[in-house]
Amino acid sequence: MSHEQLPTEQPAVVTCGLPYANGNLHVGHLRSYVAGDLFSRALRRVGQQTAFVCGSDMHGTPVAVNAAEEGVEPREFALEYHEQYKERFPQFNVEFDNYGHTDDETNTELTQEFVQSWIENDHIHEKEIQVAYDPDADQWLPDRYVEGTCPYCGEKARGDECDEGCQRHLEPGEVEDPTSTLTGNPAEYRTREHKFLRLSDFQEYLQGFLDRLEGTERAQSQPREWIEGELEDLCITRDMDWGIDYPGDDQKDLVLYVWVDAPIEYVSSTKQYTDNVGADVFDWEQAWKIDGEQAHGTHWDDEWSGTSGEIIHLIGPDIIQHHCVFWPAMLRGAGYNEPRAVLATGFVGIDGKSLSTSRGRAVWASEYLDEGFHPDLFRYYTATGSGLENDVDFSWDRFQQRVNGELVGNLGNFCYRGLLFAQRNYDGTPDADPSEEVTERIEDAIETFEMAVAEYDVRTLGQVAVDLADFGNEYIQQNEPWNLVDDEPEEAAQVIRDCVQLAKACALLMQPVMPEKAEDLWAQLGEDGSVHDPELSAALETPPAEFDEPDELFTQVEDETIEALNEKLRERVSESADDGDDDDEEDEVDLPALEADRISFEQFQDIDIRVGEITAAEPIDGADELVRLEVDIGLEQRQVVAGLKQLHDTDDLPGTRVVLLANMEQAELFGYESNGMVLAAGEEADLLTTHEDAALGTKIR
RNA sequence: AGCGGGAUGGGAUAGCUAGGAGAUUCCGGCGGGCUCAUAACCCGCAGAUCGGUGGUUCAAAUCCACCUCCCGCUACCA
């Protein structure tokens, strides 16, 4: 590793993936924002100068499309969500030093500067591509403005992504049979010139970058194979109004692709922070550039790591490529610093299943708050439920269990009993020296915390305070100060002194995960100022000699509350299953109901079913049930692909008489053309055959 | 089937990067204690072939190979 361990002398920037201004926030989103907030607070705690920034992602076609549907301007539409997020994050104690958005002036200017810089350094070139165009609306159709057929799998697909089929990312011009989502009319492809960032310029650089990159393993290993082959150029322009204008002189009517201006918002947001607080407090150029200056070239000089800031990105698991391939190339192309670490969280599940808003299986941010739960409880739960990189399951049952057990019973209880005892008997911190045992234990906790920061171990950072309180409970129990006050006053004073010290340490250590609760505890200890300011070593300083009677830090989560919430979730899941269009997980093996609708004889006559004989059969590589068959239906040989392997042995099939739907539309399965459908019964695909030997090609009637 | 994640006492999670007595914490079970505290807290006990099989090693939960099973996404049963 070429980096000096955190904390360093350089300024750090911690970012979270920009929320896309197109929907409400749920617990899945919240996880990475909490983790980012927690980590940035922890960094400050160990003395690293840190800016924690983010902003709303305003551009892109989904916003434009959805705004059009609602009949409002995209800017207005996106701003509404932007305002919502801006309020929502602080409600979860996620406090950004600056929260901007990609459509503001700072980002517009800076994005254009980036692009200008790529142009000047010859990383941009033009290419003519085919772009869908709606002649009636007289408009180009980027991304989701066009729908059609996926060229890879044949499913219905959007212009930028085969969303219902193979999930492939589609480049402009790839969708077949394009239709316009504006008018529903067929679209035509017209030749259009677009701008491309030549990613291949950075191929070697990116190899090195991934070697240096810290953070979660997946962020480092997953992009490796992605950059092994020749890197495709990135089309950075779109034919739209909504977005940041392409700054070159030649193409005034092009707008930049949303993934260009979105990450640059990380920089813009930091710049805005500097504009607000002054460069003496935080210098964005010192963080984002190389020793404060742009340094062009497609290589990286190891010296630079020591003269530029520590950029740390927290992202969801779905946007690793953008942050570990495109983004570093964009930065390097503009002569900027590179990310030091990318931390990709795992997914959040609900009750053991994956979160799905369309199926109603989700817990919304607003919902959590409406229940009156304290944000810090959620923060603790998600941050410590499992390692950052692993998936974490959210269930109200476990939420209750962990809050009641670990926060109420352990941390809250320890602080309360310790401080209450101290207040009643000594009006505050007793006049005694803390024991060596306790001092050492606190020092250990501080060290654990510091190590966790250096290793990006968010889980441990969330856990240290509770672990220390656990020790505290054990300590007070074993020393039984309540039995000592009368007979051994000095010993009692020392034990309670220890407990107050432990509580103080807890307040400081828990601050990153539970900032508000930490502040409460800090106030109860009679400390002046904020728990957010002092460094960790303050945990060993003497607490105030006097303080008031403490309050209970956490309150129990009641069974009834949890039951009601579970019920609500269940209802919502079953409701959306009712009107859900497809399948759903009901595994009843009951026979399907008979079709009520009868078909006419004419309709039946349209169905051409023939007697055939399998002449050859071979399993298809890569499929576990599919077999490629040659079927002789008298008039001709047909190649048919069928899912038969679960019941029939491929070797036994040749010679078998089968019944074939001959005018089934042609399909391609696993690369094989299929011209018909052999009839078979049920899941097991029990082949139908003829009783007597009807001649091959006989029509079934 | 592809990609990703996983398999650790009854349930849930640590530990694996840098191998060293079979292991953390939470929930649950059993028994005891304490009464300062929010029916909380403390102590003890029961309970495991660390998914399997090989390999490397003085030493493997940890490294390597192969396999099995689960989960997610995607695909398929014409």
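What you see below is based on every heavy atom in this structure, not just the backbone, and it leaves out hydrogens, waters and symmetry mates. All of these numbers come straight from a predicted model, not from anything done at the bench. Reminder, nothing fancy here: chain letters follow the sequence lines and each chain counts from 1.
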Exam field: side chain [X] to backbone [Y], donor-acceptor pair closer than 3.5 Å:
X       : Y       : result
Q400(A) : V557(A) : yes
N479(A) : Y475(A) : yes
R31(A)  : G346(A) : yes

Distance between the [atom1] atoms of [N] and [M], in whole angstroms?
N       : M       : atom1 : value
rG9(B)  : rU24(B) : C1'   : 13 Å
rG22(B) : rG29(B) : C1'   : 23 Å
rG15(B) : rA78(B) : P     : 45 Å
rA7(B)  : rC16(B) : C1'   : 14 Å
rG72(B) : rU35(B) : C1'   : 49 Å
rU17(B) : rC70(B) : P     : 29 Å
rC34(B) : rA40(B) : C1'   : 11 Å
rG6(B)  : rC50(B) : C1'   : 14 Å

Polar atom pairs (N or O), protein with nucleotides 14-16 of chain B, under 3.5 Å:
from    : atom 1 : to      : atom 2 : distance (Å)
rA14(B) : OP1    : S386(A) : OG     : 3.2
rA14(B) : OP1    : G387(A) : N      : 3.2
rA14(B) : OP1    : N390(A) : ND2    : 3.0

Exercise. How about N483(A): does its CG atom have over 12 heavy atoms from other parts shown lying under 6.0 Å from it?
Worked result: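 For N483(A), atom CG is crowded (more than 12 foreign heavy atoms under 6.0 Å).
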
Problem set entry | Over 12 non-hydrogen atoms of neighbours within 6.0 angstrom of CG in D431(A) |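 No - once you tally the heavy atoms of other residues, nucleotides and ligands closer than 6.0 Å, there are 12 at most.
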
Table of protein N/O atoms under 3.5 Å from nucleotides 28-33 of chain B N/O atoms:
from    : atom 1 : to      : atom 2 : distance (Å)
rG33(B) : N2     : Q477(A) : NE2    : 3.1

Exercise. When you check the side-chain N and O atoms of R402(A) and T384(A), is any donor under 3.5 Å from an acceptor?
Worked result: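 Checked: R402(A)/T384(A) side chains pair up, N/O donor to acceptor below 3.5 Å.
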
Exercise. Is there a side-chain polar atom (N or O) of N483(A) under 4.0 Å from OP1 or OP2 of rU35(B)?
Worked result: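 For rU35(B), OP1/OP2 do have a side-chain N/O of N483(A) under 4.0 Å.
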
For this session: Return the value, rounded to whole Å, for the distance between atom CD of Q401(A) and atom C1' of rC26(B).
Result: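 Going from Q401(A) (CD) to rC26(B) (C1'), I get 7 Å.
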
Problem set entry | rC66(B) - base-pair partner by Watson-Crick or wobble geometry, distances under 3.5 Å |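 Partner of rC66(B): rG52(B).
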
For this session: Searching all strands shown, indicate the nucleotide that pairs with rG44(B) (Watson-Crick or G-U wobble; both distances under 3.5 Å).
Result: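 The base-pairing partner of rG44(B), which may sit in any strand shown, is rC30(B).
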
Problem set entry | Candidate nucleotides rU25(B), rC36(B), rU38(B), ranked by approach to the side chain of F554(A) - the nearest |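 Of the options given, the side chain of F554(A) lies nearest rU38(B).
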
Exercise. Is the ring centre of W482(A) under 5.5 Å from the base ring centre of rC36(B), and are the two planes under 30° apart, so that they stack?
Worked result: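 Given the distance and angle limits, yes, they stack.
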
Exercise. Which is it for D548(A) and Q423(A) under the side chain to side chain contact (heavy atoms under 4.5 Å, CB included) test, yes or no, and what are the steps along the way?
Worked result: CA-CA 7 Å; D548(A) 296 331; Q423(A) 198 277 330; 5.6 Å; no

